[in-house]
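Just so it is clear, the structure is predicted and the values come from calculations on it, not from any experiment.
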Amino acid sequence: MTSETPIGVQQPMHRPWPAKSVIASLKSDQCRALLASGHPRDFAAEEVLVNQGETTRHVFVLIDGVTKVTCSSRNGRRVLLAIRSRGDLIGELASLDGSPRIATVTATGPVSAVVIAHRDFEAFLARNPEVSQAVSASIAGKFRSTTQRVVDYGAHDAPVRLARVLYRLYQDYGLRKGDRVELGIPITQPELASIIGASEAAVQKALAGLRQGGIVSTGYRTNAITSFAALAKAADIPPDEGEGDDFPPKP
């Protein structure tokens, strides 16, 4: 469903982009020019933005909402690779190298995006080397995150791997609510299991341990932490690398 007016583009511009997003690294005029090079589009919950294996090359700039990036193996196992939200790019790798899409991207709820045709995206990067560098840095960051996850698989058992994944998710998508931090995105236990490469039973057991330790609370479609520092400790993250308990609210 395509918007008649770029409401999804205009309204979020009045609030800051998430600090770690690629769009936040751009100058305001670069951001406006990039968004102007495409057209706005809205997606409903569970609607697919791109499918694994397709040969399209357009790029999405997420304006609002959250998407899940998944990949299916030959035996049919579906793995959650990443979560992308406001300010992130989707599809830039296929746009740059011309290869088939390596994953499926699905909206978890209503999503607003700007869709940029491959030729327009390529031309924009050629005219704006600073933006090209920012996009390259974003791609490198995604691969670095994947590499770190592989290291985590080999170096830690399932409870620590889960704590490390939760730590990063709360770091990126946490919302301060009184004396606790809620996870601002929907994620299921099977999806957590696919991220850490463990069984759902192992995730349930690890979550039970975190609940017993007073670190995590779970409910119907809700997840929250009561101590960010304690979660960092459970994740075997050194104190000088942790966020402490002064966790900033998301805009």
Side-chain angles (χ1 to χ4, degrees), residues 8-9 12-13 15-38 40-41 43 49-50 52 54 56-71 79-108 111-152 164-165 167-174 184-185 195 241 248 250-251:
V9 177
M13 294 294 287
R15 57 191 172 105
W17 297 99
K20 294 183 179 181
S21 69
V22 62
I23 298 301
S25 67
L26 306 184
K27 298 175 182 176
S28 58
D29 59 332
Q30 294 171 336
C31 178
R32 286 192 297 269
L34 176 63
L35 297 179
S37 66
R41 183 174 176 185
F43 298 87
L49 283 70
V50 297
Q52 180 180 345
E54 69 180 47
T56 56
R57 299 182 66 184
H58 51 279
V59 175
F60 299 84
V61 182
L62 292 182
I63 302 300
D64 215 0
V66 176
T67 65
K68 292 180 180 179
V69 183
T70 59
C71 183
V79 177
L80 177 64
L81 298 178
I83 294 169
R84 301 285 178 243
S85 64
R86 186 168 182 269
D88 287 333
L89 298 184
I90 291 174
E92 70 274 30
L93 185 59
S95 182
L96 293 174
D97 69 5
S99 60
R101 306 285 190 182
I102 61 174
T104 295
V105 181
T106 308
T108 65
V111 166
S112 295
V114 168
V115 185
I116 307 174
H118 159 66
R119 62 182 180 278
D120 296 328
F121 185 66
E122 189 176 52
F124 183 85
L125 295 185
R127 295 193 306 269
N128 297 270
E130 287 185 354
V131 178
S132 181
Q133 290 177 357
V135 171
S136 296
S138 174
I139 293 174
K142 292 176 181 179
F143 281 111
R144 186 178 298 110
S145 177
T146 300
T147 300
Q148 184 59 56
R149 190 185 304 173
V150 172
V151 172
D152 287 347
R164 292 175 79 88
V165 165
Y167 178 88
R168 296 189 186 109
L169 289 174
Y170 279 103
Q171 192 177 46
D172 290 339
Y173 303 105
I185 56 172
I195 293 176
E241 295 181 17
K250 286 291 178 183

Practice task
Sorted by first residue and then second, give each salt bridge (Lys or Arg N to Asp or Glu O under 4.0 Å) pair with at least one member in residues 112-121; sequence neighbours left out.
Solution key: none
Working to the nearest 0.5 angstrom, can you tell me the gap between [X] [atom1] and [Y] [atom2]?
X: Arg57; Y: Leu93; atom1: CZ; atom2: CG; value: 10.5 Å
X: Ile195; Y: Leu169; atom1: CD1; atom2: CG; value: 5.5 Å
X: Ser132; Y: Leu125; atom1: OG; atom2: CG; value: 5.0 Å

List for me each residue that meets side chain to side chain contact (heavy atoms under 4.5 Å, CB included) alongside [X], sequence neighbours excluded, and say none if there are none.
X: Ala134; result: Val22, Ser25, Leu26
X: Ala24; result: Trp17, Ser21
X: Gln133; result: none
X: Glu122; result: His118

Practice task
Go through the steps to decide whether Ile63 and Val61 satisfy the test side-chain contact (heavy atoms from CB on, under 4.5 Å), and finish with yes or no.
Solution key: CA-CA 6 Å; Ile63 302 300; Val61 182; 4.3 Å; yes
Problem - Side chain to side chain, Leu49 and Val115, heavy atoms closer than 4.5 Å - result: no
Exercise for the section: Kindly write out the residues that satisfy side-chain hydrogen bond (donor to acceptor under 3.5 Å, both in side chains) with Asp29, not counting sequence neighbours, or none if the list is empty. Expected result: none
Exercise for the section: Considering non-hydrogen atoms only, spot the tightest contact between Leu35 and Val114 and give its length. Expected result: O-CG1, 3.5 Å
Practice task
Return yes if some donor-acceptor pair links the side-chain N/O of Ser145 with the main-chain N/O of Gly141 below 3.5 Å, else return no.
Solution key: no
